[in-house]
Amino acid sequence: MDIRIDGISHCYGGVEVLRDISLDVSNGQIVCVVGPSGCGKSTLLRLIGGLEKPGSGQVLQMGDPPVGSLNPLTYIFQDFALLPWRTVAGNVSLVLEDHGIGAAAAQKIIDDVLMRTNLSDFSEALPKQLSGGMKQRVAIARALAVNPALLLMDEPLSALDSQTRELLMDDLIALWTRQPFTAIYVTHNLGEAVRLGHRVVVLSRRPGCVREIVDIDKPLSERAFGDADLEAPQKHLWQLMREEARAADAELVNG
Amino acid sequence: MAEKKLGRPVAFRGGGFAPVPRRWAGFAVFVSLILVAEWGTRAGWISALTLPRPSDVLDTFRELYASGMLFKHLGPSLSRLVVGAAIGVSLGISIGVLIGLFSYIRSGLVPLVAAIFPIPKIALLPLFVIWFGIGEGSKYALIAFGTFTPTVVATYGAVDNVDRTLIRMGQSFGLSWWSIVRKIVLPGAMPGILSGLRISLAIAIILLVAAEMLGAEYGIGAYILEAGSLYDLERLFAGVVILSVLGVVVSFGIGLIERYLLDWRL
Ligand SMILES: Nc1ncnc2c1ncn2[C@@H]1O[C@H](COP(=O)(O)OP(=O)(O)OP(=O)(O)O)[C@@H](O)[C@H]1O
Ligand SMILES: [Mg+2]
């Protein structure tokens, strides 16, 4: 299933946040979205997943989601959004309970996703007992459990320290290599963008519009920490971002 | 080495503001208050008219127990308390959740709740007698009505405080409305609901005595009122002690429920 974002604009009470965003995301691709703070990245993600209605334009699902996809458009949140009163397994089971799959089938899915995220030993732990990185792995496991057609990730790693972030990036790449998933990945961190993105979309300052799209051809599995090939695109992105951030800064000063 | 001598340990200033349970402290307060009263009444600097002697109250209590009257009074009181509070609390939680979830219900009912909250429910006792009869009905109604309003207020406040990102998460995974309420809103509101319950149940005990003012032959309230009208301070205090113990038991019970239901909290 592909996703087409078709001329989306959005305002919040007179403030134009997004202007005429068009974007195609094809199956099995990770698209990273970067842009200065407040340019509407989170808003865009909410619009794509149907948590908010766009002011104009539309989001189209091209083709049918794969059979067995319980929740085609699935979020991974920055602050994990785990239910603190449920165990790791309980949090995953939450999103399976409304779909009328039998207990045995649900248990099989839970075991499978916890194994894929290396959490099998912690299935009975409560969120308060987990570190930040483990919490986000639970959130990833929960997202994988519904077999999504498109993962919508809003700065999923920015609440974590940089070592944990590296580890989780490796995890994400391993997961993708085993079974490619489609994702829109919002981030502030250009390092994450060039590690994980097949393409990187740079949004301009508010009102956010697509400033440039950078394709990175090197296969994900061959990219590594401190990869020399990624330096050029990262520098290029930084140039773009710096101009936007400067301009955004100046605008605030000028009122 | 000279440097080392110059060093001064940094003074600790991070203590306090974090109460930890000290089991014996509450007990010690009770015991010392009782001992002071006993000492004062025996020594004579507290006159028998000011305060009954604790040991006399204990004797009265023992008599009450031995004659079997204790349970004759306690039985009807407890059943009134349980039935009345159960009606009030369950209605209160349901209405509170509805107020927390629906705009129209909120706008319609919050002013109404604010209007009936400050009414002393005792003032409405005659009305309840007319509506529900002089028997048990009016007593249940009084206690239910008295526990209802604080429960409503605590519940909708607690629902308002449920983490919105969790509700968004539920919606983003396509959970049904009922699932979100049952699995996210209610558990998330539980800490607030339970602390509201402490207040509601204390109010229920207060209203129990008021309810038994009218036409109750047996009951702790009836016992206390009879003793009061005869200025029988020992019996009055024996009754009051039963109410206090009831309060402590209820509070302890809620503590247990909290520990069981809310062990996920940090
Ligand atoms: N629900 C809302 N109501 C009104 N204004 C909003 C709302 N959500 C976001 N905004 C405004 O829209 C703009 C874009 O917000 P958004 O959160 O999408 O930006 P962002 O790119 O995700 O920023 P950040 O990088 O800080 O996460 C901001 O100016 C914000 O104040
Ligand atoms: Mg954001």
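So that the names make sense, note that chain A is the first sequence line, chain B the second, and so on, each numbered from 1. Bear in mind the structure is a predicted one, so any value in this text is a computation, not a measurement.
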| query | How are the rings of A:H10 and A:Y12 set to each other: parallel, tilted or perpendicular (split at 30° and 60°)? | reply | perpendicular
| message | For B:F128 and B:F145, take the angle between the two ring planes, folded into 0 to 90°, and tell me which bin it lands in: parallel under 30, tilted 30 to 60, perpendicular over 60. | response |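 Judged by the thresholds at 30° and 60°, the geometry between B:F128 and B:F145 is perpendicular.
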| task | Determine whether A:L70 and A:V95 make a side-chain contact, defined as any pair of heavy atoms from C-beta on separated by less than 4.5 Å. | result |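 No, too far: nothing below the 4.5 Å cut-off.
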| query | Which pair of non-hydrogen atoms, one from B:A85 and one from B:L201, has the smallest distance, and what is that distance? | reply | CB-CD2, 3.8 Å
| request: List the atom of A:G132, the atom of A:L160, and the distance in Å for their closest heavy-atom pair. | output: C-CD2, 3.3 Å
| note | Okay, A:L82 and chain B: the region with an atom under 4.5 Å from a heavy atom over there is backbone
| task | Pick one of side chain, backbone, both or neither for A:L73, based on which atoms fall under 4.5 Å of a heavy atom in chain B. | result |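 The backbone, not the side chain.
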| task | Any chance you could measure A:T182, atom OG1, to A:I30, atom CD1, to the nearest 0.5 Å? | result |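 Between atom OG1 of A:T182 and atom CD1 of A:I30 there are 9.0 Å.
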| Separation of A:L168 CG from A:L157 CG (nearest 0.5 Å) | 5.5 Å
| field | Which atoms of B:I184 approach chain A - backbone, side chain, both or neither, heavy atom under 4.5 Å | value |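 Both parts, heavy atoms under 4.5 Å.
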Interchain donor-acceptor contacts below 3.5 Å (chain A, chain B):
from   : atom 1 : to     : atom 2 : distance (Å)
A:N71  : ND2    : B:S172 : O      : 2.9
A:W85  : NE1    : B:K183 : O      : 3.2
A:E97  : OE1    : B:K183 : NZ     : 2.8
A:D98  : OD1    : B:S179 : OG     : 2.7
A:D98  : OD2    : B:S176 : N      : 2.6
A:D98  : OD2    : B:S176 : OG     : 3.2
A:D98  : OD2    : B:S179 : OG     : 3.1
A:K128 : NZ     : B:D263 : O      : 2.5
A:K128 : NZ     : B:R265 : O      : 3.3

| task | Go through B:G174, B:P187, B:G170 and name the one with the most non-hydrogen pairs under 4.5 angstrom from chain A. | result |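 Result: the option with the highest number of such pairs is B:P187.
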| Checking side-chain hydrogen bond (donor to acceptor under 3.5 Å, both in side chains) for the pair A:T187/A:E192: CA distance, chi angles, key distance, verdict? | CA-CA 7 Å; A:T187 178; A:E192 283 173 31; 3.1 Å; yes
